[in-house]
Amino acid sequence: MKKRLSVILSLAMLIALALSACGESSDGGGASDGGDGEKVLKVAVCAPLTGTGARAGTGFIESTKMAFEDIDYKVGDYTIEMITVDLTDDPEKGALALEQAIVRDGAQVATQGWFTTGAMASMDVVARYEIPYLFNYGAGQSIDEKYATDPDYYKYYIGKTYPLTDFIAVEYRDLVVEAMESGAISGDKTICLYGEDTDWARSLGANYRKYFEEAGYTILTEDYFAAGTTDLYAILSKMQAAGPTLVAGTINTPATAAAFTKQAKEINLGLPIIMQCLNESAEWRDLCGDSAEGVIDQWPGWKDQRGQDFCDRWEKRMGYAASITTEGVAYDNALLFIDALQKCYDMYGVLDTESILKFGWEEINGGNYSFDSIIQPAYRWEPGSISPVVGQDAFFNPLGQVQGGEFVTIFPAERAEADPIW
């Protein structure tokens with residue numbers, strides 16, 4: 001019954017979109033006319049504004065507005081018209097919202113994004129309408145796998161800005177192996193895995209398993225729970241009873257992350273905790289308190305003063321602190337998008353669907369484009385891959401640990417601010 005209702009709603013939306021489109025002129029994705037001869041580029045900026053990802057989605061939309069404001073919404077002689085698309089945390093609803101932005105509102109290009117499932121649904125929409133989607137932050141490995149099933153069909157999805165999750169697992173594994181070999185960690189080579197029941201968490205969990213097992217570690221338990229869960233005593237007790245040397249996972253929902261660390265402390269879990277994504281919310285300190293002490297997470301830093309300037313502007317604008325791994329990444333992605341538009345304009349003298357597609361295929365996907373990020377050494381892509389290059393001179397997030405209530409960089413050694421505390 002639920003599936004039938006979903007199909008009916010989808011058909012109703014498509015009929016409404018078609019009727020709406022009948023009353024509007026279309027230039028086939030070419031330059032849009034603002035009515036007085038002004039050249040307009042209509043940009044769909046996508047993020048979840050309702051549901052469990054709403055706080056992150058707000059960060060993405062507002063950060064993008066800040067970047068557009070920096071250039072007065074102008075690239076060359078084109079004015080950027082921003083169309084906000086609520087991807088929600090329901091991929092079907094998000095896909096319909098993006099379709100509406102294209103068919104009804106005339107979006108010529110899309111950018112930004114958050115959830116992996118939303119990104120995968122959006123891939124089908126832009127392929128159907130042959131609209132370029134640049135620099136989606138959806139991180140799960142299944143995006144790359146879906147792209148690989150038909151690269152020609154999905155070629156409209158260009159320049160994913162988060163790498164495959166294997167590099168994350170490899171980095172944590174290397175940290176743990178080094179600690180075991182040095183004697184900083186003692187005990188058996190055993191681990192318990194955990195995470196929210198999302199495509200992102202499961203893909204990372206699969207890579208944890210793969211790379212730790214390759215290094216001779218045994219996975220004792222692997223548990224996933226609904227996003228937003230705040231009663232984790234049973235899972236924590238199960239892990240404690242299994243007796244691992246450490247636990248590793250990922251949690252995106254701030255309230256769930258706080259519940260995990262607090263309840264782990266309550267039951268005296270007494271194990272090192274790897275929690276990818278803890279610091280995606282700048283409120284992690286307030287939510288977790290001292291229960292976050294010792295937690296390990298990736299910890300990218302700002303390359304220069306531009307990052308701190310953004311943070312100051314964000315707090316003045318929004319009234320709360322920005323997280324480098326959410327609002328900061330969103331602003332960086334928006335700068336990346338603007339840079340690509342500017343280079344496209346400089347190269348072709350035109351900003352429309354066709355020119356952006358050409359630039360995306362030949363320059364970004366072709367491996368000829370690189371961006372001086374305010375977080376990463378550089379964003380660049382290799383031919384045949386939609387995920388960015390990983391490395392010390394490309395996309396690279398060092399590892400950090402909460403020490404004294406603040407994240408400090410602990411790995412790799414050449415980037416470390418402090419030794420890890422086990």
Side-chain angles (χ1 to χ4, degrees), residues 29 31-36 38-49 54-87 97-98 100-102 105-114 122 126 131-137 158-159 161 302 305-320 322-324 326-348 350-353 355-356 359-360 364 369 371-376 379:
S32 178
D33 192 322
D36 56 0
E38 179 186 29
K39 294 178 180 178
V40 176
L41 179 69
K42 296 185 178 183
V43 178
V45 179
C46 308
L49 294 173
R55 182 62 175 266
T58 297
F60 268 70
I61 295 299
E62 291 301 320
S63 295
T64 304
K65 288 180 181 177
M66 288 173 67
F68 286 162
E69 289 165 8
D70 293 343
I71 58 169
D72 196 28
Y73 284 82
K74 296 283 288 187
V75 175
D77 55 356
Y78 285 79
T79 297
I80 293 176
E81 180 181 319
M82 179 172 164
I83 302 167
T84 301
V85 177
D86 180 9
L87 293 180
L98 177 56
Q100 182 178 31
I102 295 169
D105 302 322
Q108 297 158 278
V109 59
T111 190
Q112 299 285 31
W114 187 244
S122 297
V126 296
I131 296 293
Y133 196 141
L134 271 60
F135 312 133
N136 191 312
Y137 196 64
I158 300 166
T161 51
W302 299 109
Q305 187 60 35
R306 292 177 297 172
Q308 189 55 54
D309 291 345
F310 164 74
C311 289
D312 294 342
R313 291 169 55 203
W314 175 270
E315 190 154 11
K316 183 177 180 180
R317 179 189 184 102
M318 301 299 293
Y320 61 90
S323 164
I324 188 173
T326 302
E327 291 82 12
V329 164
Y331 183 68
D332 205 28
N333 267 19
L335 296 180
L336 168 62
F337 179 69
I338 291 168
D339 182 76
L341 291 183
Q342 184 64 59
K343 286 184 169 59
C344 176
Y345 179 80
D346 293 343
M347 187 171 291
Y348 307 123
V350 178
L351 273 184
D352 58 13
T353 296
S355 64
I356 296 169
F359 183 84
I364 299 173
Y369 176 77
F371 174 67
D372 178 21
S373 166
I374 63 175
I375 299 174
Q376 301 298 340
Y379 277 105

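Side chains included, hydrogens not; waters and symmetry mates left out as well; all remaining heavy atoms used. Everything numeric in this text was worked out from a predicted model, so none of it was measured. Count residues from 1 along the sequence.
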| request: Report the C-alpha distance between Thr58 and Met318 in whole Å, list the side-chain angles of each, state the deciding distance to 0.1 Å, and finish with yes or no for side chain to side chain contact (heavy atoms under 4.5 Å, CB included). | output: CA-CA 10 Å; Thr58 297; Met318 301 299 293; 4.1 Å; yes

| said: Could you walk me through whether Ile61 and Met82 satisfy the side chain to side chain contact (heavy atoms under 4.5 Å, CB included) test, starting with their C-alpha distance in whole Å, then the side-chain angles of each, then the deciding distance to 0.1 Å, before giving a yes or no? | reply: CA-CA 10 Å; Ile61 295 299; Met82 179 172 164; 3.7 Å; yes

| task | Kindly determine whether Asp339 and Lys343 satisfy salt bridge (charged side-chain N to carboxylate O under 4.0 Å, His left out), including the steps that lead there. | result | CA-CA 6 Å; Asp339 182 76; Lys343 286 184 169 59; 2.8 Å; yes

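A salt bridge is absent between Asp312 and Lys316; no separation between the charged side-chain nitrogens and carboxylate oxygens falls under 4.0 Å.
Thr161 pairs with exactly one of Val329, Asn136, Thr111, Leu336 by the side chain to side chain contact (heavy atoms under 4.5 Å, CB included) rule, that one being Leu336. Screening Val109, Thr353, Thr79 against Leu41 for a side chain to side chain contact (heavy atoms under 4.5 Å, CB included) leaves a single residue, Val109. For the side chain to side chain contact (heavy atoms under 4.5 Å, CB included) criterion with Ile356, the lone passing option out of Val43, Leu134, Ile364, Ile158 is Leu134. Each of Arg306, Arg313, Gln305 was scored for a side chain to side chain donor-acceptor pair (under 3.5 Å) with Asp309, with one residue passing: Gln305.
Remark: Phe135 pairs with Trp381 by the ring-ring contact (aromatic ring centres under 6.0 Å, His included) rule, at least two apart or across chains. Scanning for ring-ring contact (aromatic ring centres under 6.0 Å, His included) contacts around Tyr348 gives an empty result, with sequence neighbours left out. For Phe68, the ring-ring contact (aromatic ring centres under 6.0 Å, His included) partners two or more places apart in sequence, or in a different chain, are Tyr73. With sequence neighbours left out, the salt bridge (charged side-chain N to carboxylate O under 4.0 Å, His left out) criterion links Glu69 to Arg317. Listed by chain and residue number, Ala44, Ile83, Ala101, Ile102 satisfy the side-chain contact (heavy atoms from CB on, under 4.5 Å) test with Ala107 (two or more places apart in sequence, or in another chain). The salt bridge (charged side-chain N to carboxylate O under 4.0 Å, His left out) check on Asp72 picks up nothing, with sequence neighbours excluded.
Between Val75 and Leu351, the shortest heavy-atom distance links the atoms CG1-CD1, 3.6 Å. Counting all heavy atoms, side chain and backbone alike, Gln376 lies closest to Asp332 at N-OD2, 4.5 Å. Scanning both residues, Tyr133 and Gly113, for their nearest heavy atoms gives OH-CA, 4.1 Å. Closest non-hydrogen pair, Ser355 versus Val350, comes out as OG-O, 3.0 Å. Of all heavy-atom pairs spanning Ile131 and Ala110, the tightest one is CG2-N, 4.4 Å. Annotation for Trp114 and Pro48: closest pair CB-CD, 3.5 Å, computed over non-hydrogen atoms.
At a cut-off of 3.5 Å, with distance as the only test, no side-chain donor of Tyr78 or Asp352 sits close to an acceptor on the other residue. Using modelled atom types and a 3.5 Å distance limit, the side chains of Asp70 and Tyr331 yield a donor-acceptor pair.
Note that CG of Asp346 is 10.5 Å distant from CG of Leu341, once rounded to the nearest 0.5 Å. In this structure, Asn333 CG and Phe371 CZ are separated by 9.0 Å, a value rounded to the nearest 0.5 Å. With rounding to the nearest 0.5 Å, the separation of NZ in Lys74 from CD in Glu38 is 5.5 Å.
A side-chain donor-acceptor contact under 3.5 Å links Glu327 to the backbone of Ser323. In terms of modelled atom types and a separation under 3.5 Å, the side chain of Ser63 and the main chain of Ala330 share no donor-acceptor contact. Under a 3.5 Å cut-off, the side chain of Gln112 and the backbone N or O of Cys46 do not form any donor-acceptor pair.
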